[in-house]
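Let me begin by presenting the structure, written as structure tokens, before commenting on it.
In this text the structure is predicted, and so the values were computed from the model without any measurement.
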Amino acid sequence: MQASSLDTVGQIQSRIAEKVGPQRYKVWFKNSTQLTLADGFLKVGVPNLFVGGWIENHYADVIGEAAREVTGAEMNLTFSIDSML
């Protein structure tokens with residue numbers, strides 16, 4: 001991933017934290033997700049199906065809104081299990 005993509009992902013993470021609050025961000029995002037940005041997609045890596053389902057059902061709109069605010073474009077969200085989490 002290029003440095004600009006890393007910067008953009010960091011900005012998206014910051015916007016998500018602002019929107020959900022520090023406690024919820026710490027519980028559901030800080031060590032439980034890995035965001036990757038490529039070709040109009042924002043991939044949300046999660047450690048397991050439970051966490052992925054919870055985040056998708058409760059925070060997909062927030063993630064999409066944060067990505068749109070940072071990038072100025074609609075992002076397609078995808079969720080996948082990341083074994084490194």
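- Looking at heavy atoms from C-beta onward, I55 lies in side-chain contact with T33 at the 4.5 angstrom threshold.
- Within the 4.5 Å cutoff, the side chain of F29 has no heavy atoms near those of the Q13 side chain.
- A tilted orientation is assigned to the rings of W28 and F50, their planes being inclined by 30° to 60°.
- Proximity of E56 to I63: side-chain heavy atoms (C-beta onward) are nowhere separated by under 4.5 Å.
- Each of T71, V70, L77, T36 was scored for a side chain to side chain contact (heavy atoms under 4.5 Å, CB included) with L42, with one residue passing: L77.
- In the hydrophobic clustering of this structure, L85 does not group with V51; members are Ile, Leu, Val, Met, Phe, Trp, Tyr whose side-chain heavy atoms approach within less than 4.5 Å, directly or through other members.
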Assess whether side-chain contact (heavy atoms from CB on, under 4.5 Å) is satisfied between R68 and M75, documenting all intermediate values. CA-CA 7 Å; R68 186 173 46 256; M75 293 280 118; over 6 Å; no
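- Smallest separation of non-hydrogen atoms from S32 and P47: O-CD, 3.0 Å.
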Intermediate values then yes/no, side-chain contact (heavy atoms from CB on, under 4.5 Å), K19 and E65: CA-CA 10 Å; K19 291 175 176 299; E65 185 178 312; 2.6 Å; yes
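- In this structure, F41 is not a member of the same hydrophobic cluster as L35, with clusters built from ILVMFWY side-chain heavy atoms closer than 4.5 Å.
- Here the side chains of Q34 and M84 are not in contact, with every heavy-atom distance at 4.5 Å or above.
- Annotation: R24, atom CZ; neighbour count of heavy atoms from other residues, nucleotides and ligands within 6.0 Å does not exceed 12.
- Heavy atoms of other residues, nucleotides or ligands lying less than 6.0 angstrom from CG of D61 number 12 at most.
- A pairwise comparison of heavy atoms in V20 and Y25 identifies CG2-N, 3.7 Å as the closest pair.
- Contact of the V46 side chain with the D82 side chain is not registered, since no non-hydrogen atoms from C-beta on lie closer than 4.5 Å.
- Annotation: the span from D7 atom CG to I12 atom CD1 amounts to 11.0 Å, rounded to 0.5 Å.
- Around NZ of K43, the count of heavy atoms belonging to other residues, nucleotides or ligands within 6.0 Å does not exceed 12.
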